[in-house]
Enquirer: 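Okay, here's the structure, questions in a sec.
Order of listing sets the numbers, starting from 1, for every ligand and every atom in it. The first residue of the sequence shown is numbered 1, and numbering continues consecutively from there. None of these values were measured; they are calculated from a predicted model.
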Amino acid sequence: MAKKEAPTAKELKEQLFLQKKNAYSRMSDAEIKKCDKFCEGYKQFLDAAKTEREATVFIEREAEAKGFVPFDKNKTYKAGDKVYYVNREKSVILAIIGKEPIENGVNLVAAHIDSPRLDMKQNPLYEKDEIGYFKTHYYGGIKKYQWPTVPLSLHGVIVKADGTKITVTVGEDDSDPVFCVSDLLPHLASAQYKRPSNELIRGEELNIIIGSRPFKDDDASERVKLNLMMILNEKYGITEGDFLSAELEAVPAFKARDIGFDRSLVGGYGQDDRVCAYTELMAVLNAKSVKKTAVAILTDKEETGSDGNTGLRSAYLKYFIADLAATFGVRGREVLSNSRCLSADVNAAYDPTFPDVFEKNNACVLNGGVCVTKYTGSRGKSGTSDASAEFVGEVRRLLDSKGVIWQTGELGKVDIGGGGTVAAYIANLNVDTIDVGVPVMSMHAPFEITAKTDVYAAFKAFEAFINS
Ligand code: MN
Ligand code: MN
């Protein structure tokens, strides 16, 4: 009998070490094609849904086309029924009733549909030295210097004195005008360069240029403002006071594009977290029938800390689950206590140009697959829900069993910074929760980067979870 050869170091390493492989080494040509195709729809979503309100409209329309109907707490539901609930035109919950009793818990997937941007102040319109402006107050964590000299579009609603509401979208159609914030020319920037970098552009300097043509009357003052107000009055029937009850948001006006000669990456505004919103939405809309009731949350206000009645620190999710449970004669808390959640939010992709802030063994990378983040927070894990080993194990087995390409990640080196997601607020409802999302490079910049393989892997992960 031949003596059994001792394994080589290479064989032993393959057996014993964690294998980290680029998604392209793990996918067939046919699968790579699927990633590319999936991202065509994704880019359309990015262009059509640049704000939480537009995302809500998009989601509602797509859900209705797939047979979802408004949730009615006085109705009874059976397996396969599909319902949705819209919270104040800024958040949506979709649910597919499962075959198992609802007291066994539901599978929640939660992404957010708000992104960092420039909001108009309540009294935004002014003229300075014969240029017309809107005053802004930035929303979410932005590097302010990134926002000047970027073409901006304007989105939102204006509620007039009589209560009628107008929807505004200017700057998305190729024939529309756009807007922008100015910056100093380098020739005159020597004093600006000496400012601390977080003040290179200050909050009160994020003023959006909206016009320069004066009203024809040489004796009047504020003629540019007057001409602009006349145009706005003609187009929308508004007066200056109507801005007081408006929500107008400026976002980059450009469209999502492929990046690279190989077209392997997606560049676009608001991929945090619309990349998870879209992948989650597609997973739910494609689901045929589910064992456990599936609940997809697409929420607002994550970028400002999840407060407010459309954010996940509010009770709207808890109330929805309670109302849904009640249609089966079950208490909401029993459902929540047996539920599991993938908090679908992005993580910071390792950036080879800025390696110092990452701890490479625990950073997610582009083309490494969907990222599973056990904990977020800052300093000593402050503000994290920190998923249990048991739940991580469960998710790990699920993703492996379905052939989902995945990796893990942590938001930068310890004590370098940090951040949070909605995971903690859902976990606080006694739900097993973990962050699962797409690595993003240049996060919170006007033009963010994702990899097509990771986007598709996120879709596969949410699909596997919803159907488990
Ligand atoms: Mn996010
Ligand atoms: Mn964010």
Enquirer: Determine the interplanar angle of the Y133 and Y126 rings, folded into 0 to 90°, and report it as parallel if under 30°, tilted if 30 to 60°, perpendicular if over 60°.
Expert: parallel

Enquirer: Which of the N/O/S atoms in H444 sits closest to the Mn ion (ligand 2)?
Expert: NE2

Enquirer: Please assess Y84 against K66 for the test side chain to side chain contact (heavy atoms under 4.5 Å, CB included), listing each intermediate value before the final yes or no.
Expert: CA-CA 11 Å; Y84 72 90; K66 290 278 187 178; over 6 Å; no

Enquirer: Quick one: angle H112 NE2 - the Mn ion (ligand 1) - D345 OD1, to the nearest 10°?
Expert: 100°

Enquirer: Y278 ring centre to R274 NZ or CZ under 6.0 Å, with the angle to the axis within 45°?
Expert: no

Enquirer: Please find the N/O/S atom of D272 nearest to the Mn ion (ligand 2) and write down its name.
Expert: OD2

Enquirer: Does any N, O or S atom in D273 come within less than 2.8 Å of the Mn ion (ligand 2)?
Expert: no

Enquirer: Would E303 count as a contact for the Mn ion (ligand 2), in the sense that one of its N, O or S atoms lies under 2.8 Å from it?
Expert: yes

Enquirer: I need the L184 CG to T149 OG1 distance, nearest 0.5 Å.
Expert: 11.5 Å

Enquirer: How long is the straight-line distance from CD of E280 back to CG of L94, given to the nearest 0.5 Å?
Expert: 8.0 Å

